[in-house]
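So the structure is just underneath, and the comments pick up after that.
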Amino acid sequence: MSTVEATHLRTYGHFIGGRAVPPSDTTFERISPADGRVLATYTAGTRADALDAVAIARTAFDEGEWPHWTAMDRGRALLRCAGLMREHEEHLARIDAEETGKPITLARGDVAASIELFEYAAALAMTMHGEAHTALGENCTAMVVREPAGVVGMIIPWNFPLLLLAQKLPFALGAGCTAVIKPAEFTSGTALELARLLTEAGVPDGVVNVVTGAGSVVGAPLAESPFVDILSFTGSTETGKRIVEASAGSVKRLSMELGGKAASVVFDDADLDDALDGVLFGVFFNQGECCVSGARLLVQDSIADAFVARLVEAAARITVGGPLDEASELGPMIDAGHLENVLGHIDAARRDGATVLTGGTRLDGESWGSGHFVAPTILDGVAEESAAFQEEIFGPVLTVTRFSDVDDAIRLANATEYGLAGSIWTKNIDKALRVAKDMRSGRVWVNTTIDGAPQLPAGGMKQSGFGREMGQAGFDEFTDVKTIQIRTGPRTRVFPNWTGGNR
């Protein structure tokens, strides 16, 4: 098995005001989840650091040039950054692979998708426009204009550090906003590298700022500060609720992509080979540490036993390994605490009556030592009311629940508090459209899963949040709409006795 050479130890400070700030005396280390090596050292930011970054972003927006650049010029800067990302593609992929534990092949895909997002956001920036209303009467013309919304705070999770930042940042920049980014403590590397590349691409100093550290210390000020106009957050529903509370005093706009518990619904008329591959990919992609992971298999009872037996056989052949191993298909959990959390969910499912068909244990091996690996796991007989069915496990764990007909499938698909995504496997177009329309999810895939394109917006319903990323809707999130109405010719007086003339 070929293995990519490990990156040397990296040391970072914040990135504020267009420059890399020297590391402070107070730092924290990122330890490899695969083999325990120290990967990087980061500055443990303070509240003052976060507020300093906000002040600089505020000045860059209120007094700087970036919001006043032409749409074409902002788009060109984003394209230049996309080109630089392509030049450093392998470096960015290695950082994300090492820090998250995901296989290097998946990390390369994340970087490639991030570059596409920058290119698409550049196109939206270049075509940013408003509306003209010229049929409001002979003496009335009106414009509806889109303006940059201001300073954007961005809080990024650890599972897709670069990709989820790329679903926000280029759209905000393209609209003319400035930004303060708080990456996850586990995975701060690519955010800092990207800030450097944006500066190299010609984005003015102070437009993009990155502050590292604990969310309670450097993330909270972004939610609380009246000088942050929008907060864009991706993470758990519980953390999202705390952010909503913290932001109430400043009445800022929020965009929240929160937890999920997606269902993969497999009907007996599906292409079962395609469905088998899709269900496996849907739950084991990125170690299951994915908010749209197809963690719940809902399978029609007429095919359930045979289909699940094939799943178990296939799951046992998934290659588990270190993140820089080219053959690896599934890496470690992000840290020891999350490993124990995932194993705890599996144990609770057993107690609730589920049967572990494969996996369910921690793995140790020669190539990764005592890393945080969980075997690909399939739990059968999972009841609707059980925690394994209802709660986000965020690991390589698939629950199996059987359904009888279309109505039963729809009911089960919607039987959680989440509504982020779902997949449907059937060759009957009538059935597919009916289930897709009735599924309370922001994204629905038919005969595919965890799919997408920069043009397609993503976001949640119910406890999975609100707001949209990507697509035109994702760009519009970072704009304010202003109406300008113009009257021409003599005014018809409302108070003729006081102002002269006739009404």
Close side-chain approach of Asp408 and Asp405, heavy atoms under 4.5 Å | yes
Can you check whether Phe171 and Phe475 have ring centres sitting under 6.0 Å from each other?
-> no
Do Arg296 side-chain atoms and Val265 backbone N/O form a donor-acceptor pair below 3.5 Å?
-> no
Student check: side-chain heavy atoms of Phe118 and Leu198 closer than 4.5 Å = yes
At their closest point, which heavy atom of Ser236 faces which heavy atom of Leu258, and how far apart are they?
-> O-CD2, 3.7 Å
Are any of the side-chain heavy atoms of Leu169 and Leu194 separated by less than 4.5 Å?
-> yes
Quick one: does Ser24's side chain have a donor or acceptor within less than 3.5 Å of a partner on Thr43's backbone?
-> no
Spell out, as yes or no, whether a donor-acceptor pair under 3.5 Å connects the side chain of Gln390 to the backbone of Ala415.
-> yes
Consider only side-chain N and O atoms of Thr416 and Lys261, and report whether a donor and an acceptor are under 3.5 Å apart.
-> no
Note, Val397 side chain near His345 side chain (heavy atom, < 4.5 Å) = no
Which atom pair, heavy atoms only, marks the closest approach of Gly36 to Ile31?
-> O-CG2, 3.4 Å
Sort out for me which residue in Thr100, Asn159, Leu39 forms a side chain to side chain contact (heavy atoms under 4.5 Å, CB included) with Thr187.
-> Thr100
Check the angle between the aromatic planes of His338 and Phe394 and answer parallel, tilted or perpendicular using the 30° and 60° thresholds.
-> perpendicular
Determine the minimum heavy-atom distance between Met154 and Ala172, stating which atoms define it.
-> CE-CB, 3.6 Å
Hey, mind stepping through Arg242 and Thr239 against side chain to side chain donor-acceptor pair (under 3.5 Å) and telling me if it holds?
-> CA-CA 5 Å; Arg242 292 196 293 271; Thr239 302; 3.2 Å; yes
Just by modelled atom types, is the Glu289 backbone N or O under 3.5 Å from a matching donor or acceptor in the Ser293 side chain?
-> no
Is the backbone of Ile334 close enough, under 3.5 Å, to the side chain of Trp158 for a donor and an acceptor to pair up by distance?
-> no
Report the distance from atom CG of Asp268 to atom CD1 of Ile303, rounding to the nearest 0.5 Å.
-> 6.0 Å
Phe389 side chain near Leu298 side chain, heavy-atom distance below 4.5 Å = yes
Arg310 with Glu313: basic N within carboxylate O range, under 4.0 Å = no
To the nearest 0.5 Å, how far apart are OG1 in Thr237 and CD in Glu257?
-> 10.5 Å
Take Tyr42 and Leu192, measure what side chain to side chain contact (heavy atoms under 4.5 Å, CB included) needs, and give me the verdict at the end.
-> CA-CA 10 Å; Tyr42 295 99; Leu192 290 158; 3.7 Å; yes
Find the distance between CG (Leu330) and CD1 (Ile318) and round it off to the nearest 0.5 Å.
-> 6.5 Å
Approximate separation, where rounding is to 0.5 Å, of Asp380 CG and Thr358 OG1 = 12.0 Å
Just by modelled atom types, is the Ala383 backbone N or O under 3.5 Å from a matching donor or acceptor in the Thr401 side chain?
-> no
For the pair Glu29 (side chain) and Val38 (backbone), establish whether a donor and an acceptor sit closer than 3.5 Å, ignoring hydrogens and angles.
-> no
Is there a side chain to side chain contact (heavy atoms under 4.5 Å, CB included) between Leu339 and Val374 once you walk through the steps?
-> CA-CA 7 Å; Leu339 168 74; Val374 174; 3.3 Å; yes
Donor-acceptor pair between Thr426 and Asp269 side chains, under 3.5 angstrom | yes
Quick one: closest heavy-atom pair of Arg468 and Ala473, and the distance?
-> CB-CB, 4.0 Å
Option from Asp305, Leu297, Leu412 for which side chain to side chain contact (heavy atoms under 4.5 Å, CB included) with Arg402 holds | Asp305
Do Thr377 side-chain atoms and Ala375 backbone N/O form a donor-acceptor pair below 3.5 Å?
-> yes
Test: Asp335 and Arg30 ion pair at under 4.0 Å | no
For Ser441 and Ala421, work out which heavy atoms get closest and say how close.
-> OG-O, 3.5 Å
Any side-chain heavy-atom pair from Ile181 and Phe15 closer than 4.5 angstrom?
-> no
Would you say Asn414's side chain and Arg440's backbone share a donor-acceptor pair under 3.5 angstrom?
-> yes
Rounding to 0.5 Å, atoms CG (Asp352) and CG (Asp347) come to a distance of 11.0 Å
Close side-chain approach of Ser114 to Met85, heavy-atom, < 4.5 Å = yes
In plain terms, say whether Asp49 and Lys182 are close enough for a salt bridge, that is, a side-chain N and a carboxylate O under 4.0 Å apart.
-> no
Less than 4.0 Å between a side-chain N and a carboxylate O, is that true for Glu193 and Arg10?
-> no
Classify the side-chain pair Ser255/Lys168 by whether it contains a donor and acceptor separated by less than 3.5 Å.
-> no
Can you find a heavy atom in the side chain of Val406 that is under 4.5 Å from one in the side chain of Phe267?
-> yes
Charged N to carboxylate O under 4.0 angstrom, Glu90 versus Arg94?
-> yes
Criterion side chain to side chain contact (heavy atoms under 4.5 Å, CB included) on Val356 and Leu379, from CA distance to verdict | CA-CA 5 Å; Val356 179; Leu379 304 173; 3.5 Å; yes
Are a donor atom and an acceptor atom from the side chains of Thr105 and Arg108 found within less than 3.5 Å of each other?
-> no
Any luck finding a side-chain donor-acceptor pair between Gln463 and Glu417 under 3.5 Å?
-> no
Under 3.5 Å, side chain of Glu99 to main-chain N/O of Gly189, donor-acceptor pair present?
-> yes
Taking it one step at a time, do Asp271 and Asn447 satisfy side chain to side chain contact (heavy atoms under 4.5 Å, CB included)?
-> CA-CA 8 Å; Asp271 181 318; Asn447 296 327; over 6 Å; no
Ionic contact status for Arg434 with Asp407, cut-off 4.0 Å = yes
Can you tell me how far CD of Glu329 sits from CZ of Phe281, rounded to the nearest 0.5 angstrom?
-> 11.5 Å
Check Ser264 against Val279 and note the closest heavy-atom contact, atom names and distance.
-> CB-CG2, 4.2 Å
